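The structure appears right after this line, and notes come after that.
Keep in mind the model is a prediction, meaning the values are calculated, not measured. Below, chain A is the first sequence line, B the second, and so on; all start at residue 1.
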Amino acid sequence: MKHFEYFSAHSAEEAVALLQKYSPDALPIAGGTELLVRMKQNLIHPKVLVDITHVPEFQGIALTEEGLRIGSLVTHAEVAASPLVRQFAPAVAAASGSVGAVQTRNLGTLGGNLVSCVPSIDSAPALLVLEAQAVVFGVNGRRQFPLTELFVGPRCSSLTPAELLEAVIIPRHNLGKPTCFSKFGRRKALTIALVNAAACVETNPERTHFSQVRLALGAVAPTPIRAYTAEAYLAGRPIAQEVLLEAGRLAAEDAKPIDDFRASAEYRRHLIGVLTRRVIEGALAGMPKV
Amino acid sequence: MKKRGRGIACMWYPIGFTVSANPSAAVVKVNEDGTATVLTGTVEIGQGSLTVLAQIAAEELGISPRDVIMVSADTDGTPVDTGAIASRTTYVTGNAIRLAAKEAKKILFEVAAPMLGVRTDQLETRQGRIWVIDFPQKNISIGEVAYYSQVKLGRPVQGSASWNPPTVPLDPQTGQGKPFNTYVYATQIAEVEVDTETGQVDVLRIVAAHDCGTPINPMLVEGQIQGGISMGVGFALSEEMVFSSNGTLLTSSLSNYLIPTTVDMPEIEVIIVDNYDPTGPFGAKGVGEPTLVPTAAAILNAIYDAVGVRLYSLPATPEKVLKALREKEAQNNTASSTH
Amino acid sequence: MERDVIRKVPLVKPGEPGMIVEEAPTEELAGYPSVGRRIPRRDTIFQVLGQLKYINDLSFPGMLYAKVLRSRYAHARILRVDVSKALEVPGVVAAITADDIPVNSFGPSLQDQPVLAKDKVRHMGDGIAAVAAVSEQIAEEALEKIVVEYEPLPVVLDPLEAMREDAPRIHEPRSNIYWEWHIRKGDVEKALAEAHLVVQERYRTQMVEHVSMETHSSIAMWDAGGRLTVWCTVGRITLARTDLARILQVPVSRVRVVSTQLGGNFGGKNEITIEPVLAILAKKTGRPVKGTYSRKEEFIASTTRHPFIMEYTSGVTAEGRIIARKVRLIADGGAYCSWSETTLGKATILSAGPYDIPNIALDGYVVYTNKPMTGAMRGFGAPQVCFAYESHMDTIAHRLGMDPLQIRLLNAYDEGSISATGQILHSVALKKTLLAAAERFGWEVKER
Amino acid sequence: MAFTIKVKVNGEWKTADVEPEMTLLELLREQWGLTGTKLGCDEGDCGACTVLFDGKPVNSCLVLAVRADGHEVVTVEGLGTAERPHPLQSAFEQHGAVQCGFCAPGMLISAKALLDANPEPTEQEIREALAGNLCRCTGYTKIVEAVKSAGRAMKSSVK
């Protein structure tokens, strides 16, 4: 690794001040599982790293009036093991549990994963279907916006160089809703998703029709996406195999997968169909019996 | 839908180099305390060769393998060895060490015979002692004999030997000849589950029956077989170096060149079949390489058994399996519509 | 032949429960006899305590670290190499190019591989220059200062394309086909004409890497008397010594090669790689020099497994006896020969499978491509041909409506069988393994 | 600018002057001579460099040394000694779970973290806990057996 200057920030203000001072040569570092690999591979050479690990504002998982707040510095291991997350957003816990391996999950943070804006990040789809909000801290204070707006393109977020993701908030009205996350990789562990998907499913009380379904996909477009066409189609439709098949087809149309050495776009589109159906079925299966 | 299938594959594999000379030499010294030091030019690469070679020396000398000191892999200090390649160490280096130990034992017997008042052909070694056959009350420790031989007679107890497997070069036109001195055989059977929606293949179980002649150390043989199978599973399903059109390797890290992890590996049941090769040390041949040879074929045959598609190229990625399934469906549909 | 070992450890016979013992897996070390015992590997205790020293765990006072600049192109002429800027980097002690190497070629069969490329690069793993510096970090940074001018050449990656007459020649003026093996037994064409069924198939395998967990690592040091010692991860020290002496133009007796326990080999550490570079840098600087491959270098700058294209044609009787087999193998040999000659030889000899077939014609070819060199890897050509001949056997069985186990038992080698090369086989336990595996698995014969 | 840091390594506080770009792995191996921890890929993909960081297994190649200031690190050298090996170390030896041994230090650390939290893991739990530690020699069978057996040994010694 090439030489860089290192600062450890102990408050959010200090962190963003340092980032601003050394902009554009400074990057924040938290878990480092993504950043340090890219530095070692000679892909990026920040002159300054601002370590935000000890920023208190970005820690912890808490139930607030707004909803379930997960600090950006919470590790994947902590998300996956958190009783609160497991109770109120099980798909989010499952997604964090699917990242890398034990070692990666102990270092890597939820926030770091999200702001990397790699299309295949595992933590995004489950948060997207729960309509999570991003809380961002900058020199001008906090701003909050839907998490979808964080993702601009591959490895490109909507944050300015002196802004940091503080937390994500899963709104109160979505807590405990039936969700499911599924990841398809070429290996059972330590794997990058070819496609990942999440669903949040609401039905009529009789459990015969979908009332509202939210679907999100990863690794199949420049950013993690919501499959809006498929969602619109599902609203009000009967819960039936042919409906799920059509939803899968529409979700594939919502995506823009690419050909690469891991898989063809065509295969990824096919997987979207399969995973879409599986996450909807998974969410339905997790519902209490009628 | 998930479908299960079983596949069998067998193989043969030679021990030692293809035609060319591949000698091993060894020195075995019996120390004054009854232990032995073995000098070998082979390199321990993790397979446990030094342990196995110590067992061979110990068996020939009649001492405990714990009492064998192995000195290896230094061109200044150890005799020539062609190296840990071609599954040859147990067989070729093992033969050399056994022969060297025999030389040392010959000195021990020549020295011990008058001490015990018998002929050399009446002696045997066991448990660190030299015994008069059929007269267990007459015996002497190897250390005592080695000490006496070295210190009193001025004759250190040491043997050296080399061995090279005999081969006959192949005729350049017909390829007729004897390229290797011996071969091992194996059969592996795989059980797989294929997800017909995604093409994903799960290997559930592998039964591996291997011939390695006499297993000098069955635990290490099992380890070789289990490890070889994991390499075979990777070869069958996930490992592939992929290049871009300008020759850039796209899979140059362990995050995209996928070797099996703990959760990718099936249950493995190992059977070491009873066999004996008179040309090997104590009947042993070898086991290193053959362990992965039939694995991919067994898995691909199991995929065929499960879903009826034959894959003609490795690795059997989910995408390839699914594509083959789709092509088969399309064929079936055409067939049914034309009939 | 009478056996000369008293077996106290019972061997597992087909159908008996496994040898894995739950609570007492190993036996008393002092036991007799020694052969047949489940004794732990002798160095394991040091490994699990973290005390066993692998090469990269060793260091010497004043030791420098070397890094090699790899090619940007898979096929190109080198017009100019300039290391002067690298030498200006503080902490860099020496830099070398092909011009510093006494004999710039090596290889176990063909000496077609340069230590550092001079006029031409043939794959992206080719080294062009190397530096020695006081730290790995500085050595790496210095590589970026080396100037190389290239003239890119057309890249050939597919072995079939490489075989064509008009393909760019990788080792001009020689043909890209650099070795052949041929085996003939009986009259294969006649037997195919007489066969009840002829099955023809083509199989392909991919390029794979050994992935030893330990990457290649070596340290070179000269003593005051002009003798070189190399501590290295090479699994064949005798060959390494010969190769190094030839490259450095010193008598073999002036080279000492020492290995420790290797962190995996699988055939990937059977020849020298970075050692000559280290030796020359050590000579130049008068200091010990260490070089350790990155994981990426393991993939591009060491050997890999040959991809094979395998054409199989078999003639069988209605009863399932194979009476003829014709095999054509094309191995992708990568940029340099390495162990291709022998790998192809072993593959060709084994390619008909362990079956008693009276009429056989086997042909093997290996060709250069602009990919990492292919060489020795566990199985040495056998996993490729086994994939083909065993898939092919199942196709034949399927076409005849036979069970896969039965067709194998019907054709399998037995004691005294004669191989494709005319060798009378002994100690043949093939059927034993077939029956043992089938019984343990619970294989029920299905007639289709 | 170099930083002076203090790290509790295998129970003992040590200090070091480190450059910001130095990883914990480099600190352990090159400054402190704790070469038991291995460098396998340097990118967090293989687990050979696994150490316990405040009790949790992490890849030390992805931890900056400065980050370890004030924290506790356990390496394979801190597991046991020749006289008193950790039950996992004994089990790995007795079960033949080690071949080339390059993955063993990291594997042992991951296994220790598992058994500390869950002394009676199921086979699946063992496999998942070790999924970040690649091994090319053993096929993992004997490693899983060894961890199971060590768990039992640790449990019976507690009683």
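Using a 4.5 Å cut-off on side-chain heavy atoms (C-beta onward), D:L27 and D:Q31 make contact. With contacts defined as side-chain heavy-atom distances shorter than 4.5 Å, the pair A:V37/D:L62 qualifies.
No part of D:L114 comes within reach of chain A, as not one of its non-hydrogen atoms sits under 4.5 angstrom from that chain. Using a 4.5 Å cut-off between heavy atoms, A:K188 does not touch chain D at all. At a 4.5 Å heavy-atom cutoff, D:E26 makes no contact with chain A through either its backbone or its side chain.
In this model, a donor atom of one side chain and an acceptor atom of the other lie less than 3.5 Å apart for A:Q41 and D:E43. Using a 3.5 Å distance cut-off with no hydrogens or angles, the side chains of D:Q124 and D:E128 do pair a donor with an acceptor. D:E77 and D:T75 form a side-chain donor-acceptor contact under 3.5 Å, judged by distance and modelled atom types alone.
Classification of D:E123 and D:R127 as a salt-bridged pair holds, one side-chain N sitting under 4.0 Å from a carboxylate O. Ionic pairing of A:E34 and A:R155 is present here: one or more N-O contacts between side-chain nitrogen and carboxylate oxygen are shorter than 4.0 angstrom.
For the pair A:E163 (side chain) and A:T160 (backbone), a donor-acceptor distance under 3.5 Å is present. Using modelled atom types, no side-chain atom of A:R186 and backbone atom of A:L194 make a donor-acceptor pair closer than 3.5 Å. Remark: the backbone N or O of A:P46 is not paired with any side-chain donor or acceptor of A:D25 at under 3.5 angstrom. Under the 3.5 Å distance criterion, the side-chain polar atoms of A:R187 are matched with a main-chain donor or acceptor of A:L190. Remark: side-chain polar atoms of D:T15 are not paired, donor with acceptor, to backbone N or O of D:I5 under 3.5 angstrom. Remark: the backbone N or O of D:W13 is not paired with any side-chain donor or acceptor of D:K6 at under 3.5 angstrom. Looking only at distances, a side-chain donor or acceptor of A:D260 sits under 3.5 Å from a matching main-chain atom of A:A263.
Summarising the geometry, atom CD1 belonging to D:I143 is positioned 8.5 Å from atom CD belonging to D:Q99; distances are rounded to the nearest 0.5 Å. Annotation: the span from A:Q59 atom CD to A:E78 atom CD amounts to 8.5 Å, rounded to 0.5 Å. Atom OG of residue A:S120 and atom NZ of residue A:K183 lie 8.0 Å apart, to the nearest 0.5 angstrom. The CG atom of A:D122 lies 9.5 Å from the CD1 atom of A:I192; values are rounded to the nearest 0.5 Å. Interatomic distance, D:N10 CG to D:W32 CH2, rounded to the nearest 0.5 Å: 10.0 Å.
Listed by sequence position, D:T50, D:K56, D:P57, D:V58 are the residues of residues 49-58 of chain D in contact with chain A, using a 4.5 angstrom heavy-atom cutoff. Annotation: residues 17-24 of chain D contacts chain A through D:E19, D:P20, D:E21, D:T23 [non-hydrogen atoms, separation under 4.5 Å]. Among residues 48-57 of chain A, the residues having any heavy atom closer than 4.5 Å to a heavy atom of chain D are, in sequence order, A:L49, A:D51, A:T53, A:H54. Contact residues of residues 95-110 of chain A toward chain D are A:A101, A:V102, A:Q103, A:N106, A:L107 (heavy-atom distance under 4.5 Å).
Options A:E5, A:M39, A:K2, A:K40 differ in how many heavy-atom pairs under 4.5 Å they form with chain D, and the most are formed by A:K40. With chain A as partner, the option from D:A113, D:C61, D:S110 having the largest number of non-hydrogen pairs under 4.5 angstrom is D:C61.
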